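Below you'll find the structure, written out as structure tokens, and then a few comments.
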2 protein chains.
Amino acid sequence: MENYTEQDKFLLAVDCIIFGFDKQDLKILLIKRDFEPEKGNWSLMGGFLKKNESLDEAANRVLHHLTGLENVYLEQLQTYSALDRDPVERTVSVSYFALINLTEKTKINEDFSAKWFSINEAPPLIFDHNQMVSDAISWLRHSVATKPIGFELLPEKFTMKQLQSVYEVILGEELDKRNFINKINALDILIKIEEKDRSSSRKGSFLYTFDEVKYKAKVADGFTFKFMGVK
Amino acid sequence: MENYTEQDKFLLAVDCIIFGFDKQDLKILLIKRDFEPEKGNWSLMGGFLKKNESLDEAANRVLHHLTGLENVYLEQLQTYSALDRDPVERTVSVSYFALINLTEKTKINEDFSAKWFSINEAPPLIFDHNQMVSDAISWLRHSVATKPIGFELLPEKFTMKQLQSVYEVILGEELDKRNFINKINALDILIKIEEKDRSSSRKGSFLYTFDEVKYKAKVADGFTFKFMGVK
DNA sequence: TATTTAAGTGTATAAATTACATTTATTAAA
DNA sequence: TTTAATAAATGTAATTTATACACTTAAATA
């Protein structure tokens, strides 16, 4: 069995668009680049693919290295291959998007001078990272309407209000509280816990969790998650 | 400016999932592999990325080489990187899906022993190509509901019946003719031509074309294509 | 026990989707 | 020239889904 000896080889990288949700805000985790070119400028967290790992593994490694987190929601998006996208050397990069629950006091590796930015206040980024982020935001908007990923941005137990805020900030519009709750309840994929969050009001609000088992059973049964057109 | 000299490099390939529509049938174009390993088995059309091209250019090149066609609808899907996906040598492959109008007597380069297969009658494929195809079919199903790509599988002028057939075969369900036409007309992105196709009936049926200019204007104006839930 | 705060709840209207059957244009055969 | 055959073209009522909208409840604190 011969090798493909005649063919060109390429540097392959992953770049992570890391989204977090904090109170009312959709945020993105960026790092400050500490080498030339573009030293001191903001960038996505990335890393080169290594010989003995898959792209998913590389993305998980990079993410873990920066945040210490494992089992984060991580999805491959697009592969960027413009000839001049990295001025140092031709590099093809695969973007991944990650959803993180920020409330659990995520610790960030200080080696990277990383910082969370509100989506609307993020600085310009190096290379084609601006494009990657804007593609990822489009995808997030689309995804949240067709997959139950809103929960990934919240702690395991969350209030309806928090979930509504996630949807509002991603969709970029205010939603009606009653309609939102009716719609979510109609999906029938949450478990209401007999436990209240009292941090926001005297009455306290009930907590919910995503019922992944039920969700999967429903999907196997032909159900498709759809969350659209809720004002 | 230093190079990334320490990093591993990889073979990068593109593999094309080429869909065509013929009368009532969604088809896929496969080639017969003529070298080891897996010689004689069916495969997607693919090729290695070259030093001086982007992935999109590589996919277009591969597609053009096989079909002679240019300006085909082509979209990047996913990048596959499992360590053992190609037994010859580690290769990372980016899948592309293409939509082709088959009725215009597409000529296929005979060097590749290529053949059109009905989606339901396609043979097992080499490597992870089965996975690529099934991912592409899911994506096609999803895409046809959210983007005006049904037209890409038809000649420039088409009848409502043909368009309905495209939707039916992709969605895998029968649609009601009146509801289908009402829905499509409500989208208001087709031009009715004063010209009939007489191949299928004595009365003949009017031909339509996709009004791309109008569509783009509507999108710029906030319109989003949605074709869902039509029985 | 009164006040304050956010949580929790229901319904009527509007819009979208679905189910469904007859008429029309044309050609070929009688 | 009339008739028969074929697929194209067309509209509406019933149902489902989405939207707009405001008051009551639970609990803590003053």
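Remember, it's a predicted structure, so these values are computed and weren't measured experimentally. By convention in this document, chain letters (A, B, ...) are assigned in the order of the sequence lines, proteins followed by strands, and residues within each chain are numbered from 1.
Summarising the geometry, the separation between CD1 on B/I181 and C1' on D/dA7 is reported as 12 Å, rounded to the nearest angstrom. When rounded to the nearest whole Å, the span between NZ of A/K192 and C1' of C/dA7 equals 10 Å. In this structure, the CG atom of A/D197 is 15 Å from the C1' atom of C/dG8, given to the nearest Å.
Side chains of B/K218 and B/D188 form a contact here, defined as non-hydrogen atoms less than 4.5 Å apart.
A cation-pi contact, defined as under 6.0 Å to the ring centre and within 45° of the axis, links A/K192 to A/F206.
In terms of polar N and O atoms assigned as donor or acceptor, the side chain of A/N179 comes within less than 3.5 Å of the base of D/dA20 in a complementary pairing. Scanning atom types as modelled, no donor and acceptor separated by under 3.5 angstrom connect the side chain of A/K203 and the base of D/dA26.
Taking side-chain N and O atoms only, A/K183 has a distance below 4.0 Å to OP1 or OP2 of D/dA18.
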Query raised in the report: Going through the distances and angles, do A/T209 and A/L190 end up as a side chain to side chain contact (heavy atoms under 4.5 Å, CB included)?
Result: CA-CA 6 Å; A/T209 55; A/L190 293 189; over 6 Å; no

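Where A/G204 and A/N182 meet DNA chain C, the nucleotide closest to each residue was compared, and A/G204 sits on the side nearer the 5' end. Place B/K177 and A/S200 on DNA chain C by their nearest nucleotides, and A/S200 ends up nearer the 5' end.
Taking the six-membered ring where the residue is Trp, B/F127 and B/H129 present perpendicular rings, their angle passing 60° and hence far from 30°.
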